[in-house]
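The structure appears right after this line, and notes come after that.
Within every chain, numbering begins at 1; the chains are lettered A, B, ... in the order of the sequence lines, protein sequences first and strands thereafter.
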Protein chains: 2
Amino acid sequence: MDAKISTSFRELCGRHGLAVTHQRQVLYEAMQRMHGHPSPEDVYHRVRKRIPSISLATVYKNIHLFIESGILREVSLHHGSLRVERNEHPHHHLICTVCKSITDIDEIYLGLSAKPSRLPGGFLAERYAVDILGRCKSCQT
Amino acid sequence: MDAKISTSFRELCGRHGLAVTHQRQVLYEAMQRMHGHPSPEDVYHRVRKRIPSISLATVYKNIHLFIESGILREVSLHHGSLRVERNEHPHHHLICTVCKSITDIDEIYLGLSAKPSRLPGGFLAERYAVDILGRCKSCQT
DNA sequence: TTCGCTGCAAAGGTTTTGCATCGGA
DNA sequence: TCCGATGCAAAACCTTTGCAGCGAA
């Protein structure tokens with residue numbers, strides 16, 4: 001129906017079991033062009049220029065599908081609600097991509113001694129926070 | 001008024017310019033005992049056992065004050081709303097603790113070659129995500 | 001006495017859900 | 001035709017805010 005839908009997008013959808021719709025194509029193209037770290041609202045505003053009737057719910061649903069397919073990635077895996085921890089000895093986090101659990105890991109296990117040498121844009125580094133993403137024992141099937 | 005308020009908590013508050021209140025003391029003690037990564041709701045439920053009339057707003061306000069004082073730390077500095085990025089070549093993030101901006105940094109700048117040797121609890125690592133926290137150029141005053 | 005802290009209720013922002021309809025396979 | 005996708009509106013969270021009264025300094 002829509003001649004503008006490219007073969008490569010059809011293949012991408014086929015590979016991930018997604019139907020090829022006009023909204024999905026426009027969303028995908030918009031996000032390919034948006035650099036940085038857009039929020040769903042950012043994407044929504046941008047896509048509305050091409051499909052004024054698109055709904056925010058559709059944007060959310062497709063973003064989640066793209067994340068599940070690995071086409072997109074969440075910048076932070078634990079943005080759901082504020083989480084705090086005591087500010088004590090240096091440690092980092094093991095984050096299970098399946099159950100989203102967070103486990104502390106002592107800095108000593110990481111063997112991270114290197115300091116960033118040159119940081120772009122004059123950024124002044126204070127500390128590292130390392131997330132190790134993977135699967136916890138019970139999510140390894 | 002409350003004999004249970006410890007000298008060390010008085011000193012802590014004094015050091016950070018915070019008034020010593022019963023709610024604040026109970027919140028502080030509860031969070032010192034809560035390991036892991038509690039949410040404000042978690043803290044609220046716990047503290048309600050000792051102060052049934054405490055309000056969730058008070059919990060939020062005090063958590064923020066504790067974070068500003070450095071007594072607590074946020075597990076993720078960018079949990080506000082979902083942010084996505086394209087899943088492309090390996091990079092990490094420079095996060096400004098003042099303006100919360102996120103800038104990409106290529107993995108090559110980090111000099112991170114070490115792989116975690118032994119991970120506790122049988123965790124299966126897939127990738128690293130490194131946040132470098134500090135101040136961006138314009139937030140260095 | 002003063003000003004910060006608390007509790008309440010309301011508002012604000014983000015994300016999800018239910019459902020009727022539409023449209024791709 | 002069938003089932004997934006869409007749009008809409010409502011609901012469900014999570015967090016902040018305004019304000020009156022209370023209490024620490």
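- A:Arg73 and B:Glu126 are not joined by a salt bridge, as no carboxylate oxygen comes within less than 4.0 angstrom of a charged side-chain nitrogen.
- Taking only side-chain nitrogens and oxygens, B:Tyr60 comes nearer than 4.0 Å to OP1 or OP2 of D:dT15.
- Rounded to whole Å, atom C1' of C:dC5 lies 16 Å from atom CD1 of B:Ile63.
- The interatomic distance linking A:Arg83 (CZ) with D:dT15 (C1') rounds to 15 Å, in whole Å.
- Side-chain N/O atoms of B:His64 include none lying less than 4.0 angstrom from OP1 or OP2 on D:dT15.
- Rounded to an integer number of Å, the gap from CG of B:Leu56 to P of D:dT17 is 14 Å.
- Nearest heavy atom pair, residue A:Phe123 against residue B:Ile95, reads CZ-O, 3.3 Å.
- B:Ile102 and B:Leu82 sit in two unconnected hydrophobic clusters of ILVMFWY residues. Membership requires side-chain heavy atoms under 4.5 Å apart, directly or through other members.
- A:Ser76 contributes atom OG, which lies 10.0 Å from atom NE2 of B:His93 (distance to the nearest 0.5 angstrom).
- Under the side chain to side chain contact (heavy atoms under 4.5 Å, CB included) criterion, B:Ser69 pairs with B:His16, B:Leu18, B:Ile71, not counting sequence neighbours.
- Remark: C1' of D:dC13 and NE2 of B:His45 are 13 Å apart, rounded to the nearest angstrom.
- In terms of heavy-atom proximity, B:Ile51 sits nearest to B:Gln23 at CD1-CA, 3.8 Å.
- With A:Glu107 as the fixed residue, the side chain to side chain donor-acceptor pair (under 3.5 Å) test singles out one of A:His91, A:His92, A:His89: A:His92.
- As rounded to whole Å, 16 Å separates atom C1' of C:dG23 from atom CD of A:Gln25.
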Restricting both atoms to N or O, compile the protein contacts to nucleotides 4-8 of chain D shorter than 3.5 Å, with distance only.
residue	atom	partner	partner atom	Å
D:dA5	OP1	A:Arg24	NH1	3.1
D:dA5	OP1	A:Arg24	NH2	3.4
D:dT6	OP1	A:Thr21	OG1	2.7
D:dT6	OP2	A:Asn62	ND2	3.0
D:dT6	O3'	A:Gln23	NE2	2.9
D:dG7	OP1	A:Gln23	NE2	3.0
D:dG7	OP2	A:Ser55	N	3.2
D:dG7	OP2	A:Thr58	OG1	3.0
D:dG7	O6	A:Lys61	NZ	3.1

Just do the side-chain contact (heavy atoms from CB on, under 4.5 Å) check on B:Leu27 and B:Ile54 with the steps written out, would you? CA-CA 10 Å; B:Leu27 277 165; B:Ile54 201 171; 4.3 Å; yes
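- Rounded to whole Å, the distance from CG on B:Leu82 to P on D:dC13 is 18 Å.
- For the helix from C:dT1-D:dA25 to C:dA25-D:dT1, the end axes, each set by the C1' atoms of five terminal pairs, are bent relative to each other by 40° (nearest 10°).
- Here the straight-line distance linking atom CG of A:Leu56 with atom CZ of A:Arg48 works out to 9.0 Å at 0.5 Å rounding.
- Counting to the nearest Å, the C1' atom of C:dT6 and the CZ atom of B:Arg48 are 15 Å from each other.
- If you measure from atom OH of B:Tyr44 to atom P of D:dC13, you get 15 Å, rounded to the nearest angstrom.
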